[in-house]
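Keep in mind it's a predicted model, so treat the numbers as computed, not measured. Remember, it's 1-based here, ligands and their atoms both numbered in the order they're listed.
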Amino acid sequence: MGAASPPSAREAWLASPGRALSGDFTVPGDKSISHRAVMFAALADGRSRIDGFLEGEDTRATAAIFARMGVGIEAPSPSCRIVHGVGIDGLRAPGGELDCGNSGTAMRLLAGLLAGQAFDSVLVGDASLSKRPMLRVMAPLRDMGAAVGSDDGERPPLRITGGRSLRGIAFDSPVASAQVKSAVLLAGLYAQGETAVREPRPTRDYTERMLAAFGWPVAFAPGEARLSGGHRLAGRDIEVPGDFSSAAFFIVAASLVPGSDLLLRSVGIDPRRTGLLEALRMMGADIRELDRRDGVCGPVADIAVRHAPLRGIDLPEALVADMIDEFPAFAVAAACASGTTRVTGAGELRVKESDRISAMATGLEALGARVRETADGMLIEGGRLRAGRVDSLGDHRIAMAFAVAAQLAGGEVAIDDVANVATSFPGFGTLARGAGFGLRSG
Ligand code: S3P
């Protein structure tokens with residue numbers, strides 16, 4: 001449901017304290033890995049099978065975009081895709097706009113990839129994505145010789161003129177962003193010479209790892225990556241692990257709700273994604289990683305969480321990039337901990353699916369928490385939350401974070417505008433209720 005829907009038509013939840021969380025289950029597949037698996041399988045020679053594919057609106061939009069460009073994609077069963085790759089130069093002109101929905105990952109990665117095609121393309125998104133900054137990818141892509149335009153100079157739609165010859169660049173990214181790094185590297189697949197990216201702090205290296213797994217030579221280390229054009233990708237099978245960002249809501253809820261004891265199976269625990277585990281452990285959480293094994297994009301493990309009293313911390317800035325999607329859940333942990341939590345160096349949160357600093361501060365205050373917003377973070381006084389009404393602003397992670405907060409509140413919490421949870425975590429409500437959450441449609 002878009003931003004234009006009247007409030008009454010928006011999907012809402014009524015959430016309230018349930019029981020101690022328990023169970024042993026998996027969360028849906030990793031969103032970042034699912035996007036990339038479809039993209040690289042589409043550009044590979046031969047067939048790829050993707051198991052554990054996230055059946056979310058974001059990743060389905062990416063699959064639909066490649067189908068529009070002539071890639072055969074079958075869905076023999078839920079969470080499985082068979083992709084018949086067309087080869088690195090095999091995409092066809094889509095004939096119309098390509099809709100990335102709510103997904104910044106889809107739009108930014110595709111901007112890089114489409115910059116190297118022979119045809120023109122236009123990337124559009126929903127109301128939230130249409131407000132997000134794109135100059136961060138347009139500028140380096142232009143340095144590579146790409147023609148990428150936008151009506152207002154910085155936001156979607158993006159208009160890409162094909163048939164340009166791209167050249168590799170050495171790019172020092174001003175922002176710690178896997179999406180920016182990936183956009184440049186994907187344009188680099190089509191560029192003359194070497195493309196190198198350096199980041200101010202290391203971000204998830206899924207593009208690098210997966211390109212390598214599909215057979216493209218890539219040199220990478222934390223904070224830097226290099227590749228050259230002129231190679232090919234070979235189709236292969238991919239097993240997508242559970243999404244740590246989805247598991248995060250259950251990890252925080254089980255830490256907070258007394259008596260909880262939960263096991264989350266087969267979750268990706270790459271260190272560039274799991275800063276939240278470090279932060280929660282600093283707060284006193286009882287979390288164990290069991291049966292650790294290797295996955296296509298880093299380690300995978302079962303995560304066991306038991307309730308433990310949490311105390312506030314000064315969050316080290318070095319952890320911010322490694323938990324960039326987990327702040328809504330982390331802010332709830334802080335609001336229910338004893339003492340004060342300080343977050344700094346997290347200005348990127350203001351340009352996510354919503355301004356997540358403002359959305360969390362406003363919602364937590366509505367539930368009685370004492371929160372002070374700063375330009376690049378927040379100060380949260382831990383305490384007891386009360387019943388109230390909050391607006392998720394159509395942001396999936398804000399909605400789920402407040403469902404967690406409600407488990408600790410003094411009464412019922414109404415959470416407005418939750419339909420976007422389907423972008424990353426279809427079935428959250430059912431899984432959460434099964435684990436013990438008090439949660440129903442409102
Ligand atoms: C993502 C990178 C991050 C993250 C997003 C997914 C990716 O965005 O917030 O949910 O798949 O590369 P930024 O690169 O903008 O930090």
Side-chain angles (χ1 to χ4, degrees), residues 28-40 53-54 56-59 61-62 100-113 125 128-129 131-140 154-156 171 173-186 197 199-211 220 223 225 240-241 243-249 268 270 272-276 296-298 319-330 345-357 359 376 395-398 400-401 420-421 423-425:
D30 187 282
K31 183 149 71 82
S32 291
I33 297 175
S34 295
H35 278 300
R36 287 163 172 84
V38 166
M39 289 179 186
F40 303 158
F53 179 76
L54 171 65
E57 287 172 1
D58 277 10
T59 42
T62 292
C100 301
N102 192 241
S103 176
T105 304
M107 186 169 287
R108 295 193 178 116
L109 270 58
L110 280 165
L113 210 150
S128 154
L129 182 54
K131 287 189 228 145
R132 296 182 66 188
M134 293 295 150
L135 203 51
R136 52 181 57 196
V137 291
M138 292 162 66
E154 53 184 325
R155 279 177 286 262
F171 177 55
S173 181
V175 15
S177 161
Q179 293 177 359
V180 171
K181 169 177 62 178
S182 301
V184 173
L185 291 175
L186 293 182
V197 183
E199 308 178 278
R201 283 196 199 276
T203 65
R204 69 193 74 186
D205 54 8
Y206 294 168
T207 296
E208 299 89 305
R209 282 180 194 251
M210 284 187 81
L211 284 173
F220 60 101
V240 181
D243 196 324
F244 182 82
S245 298
S246 296
F249 300 104
D270 185 78
R272 298 281 78 82
R273 295 289 300 283
T274 51
L276 177 74
V296 68
C297 286
L319 280 184
V320 168
D322 295 345
M323 53 185 285
I324 196 66
D325 294 329
E326 282 61 71
F327 273 84
F330 175 72
E348 273 295 297
L349 296 176
R350 295 210 181 268
V351 292
K352 293 294 178 187
E353 286 85 325
S354 69
D355 174 341
R356 288 183 172 160
I357 294 178
D376 69 345
D395 182 332
H396 54 134
R397 299 204 198 283
I398 303 294
M400 291 184 277
N420 249 2
V421 167
T423 58
S424 70
F425 201 155

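Between R132 and K352, the closest side-chain pair of non-hydrogen atoms falls below 4.5 Å.
Residues that satisfy the ring-ring contact (aromatic ring centres under 6.0 Å, His included) test with F425, not counting sequence neighbours, are F428. Residues forming a salt bridge (charged side-chain N to carboxylate O under 4.0 Å, His left out) with E208 (at least two apart in sequence, or on another chain): K181. Here S354 pairs with D395 under the side-chain hydrogen bond (donor to acceptor under 3.5 Å, both in side chains) rule; sequence neighbours left out.
Annotation: ligand 1 has protein neighbours S32, R36, T105, R108, S177, A178, Q179, R204, I324, D325, K352, each with a heavy atom less than 4.0 angstrom from the ligand.
The one candidate from E353, H35, E57, K31 that meets the side-chain hydrogen bond (donor to acceptor under 3.5 Å, both in side chains) condition with S103 is H35.
A salt bridge does not link D30 with R204: every distance from a Lys NZ or Arg NE/NH1/NH2 to an Asp or Glu carboxylate oxygen is 4.0 Å or more.
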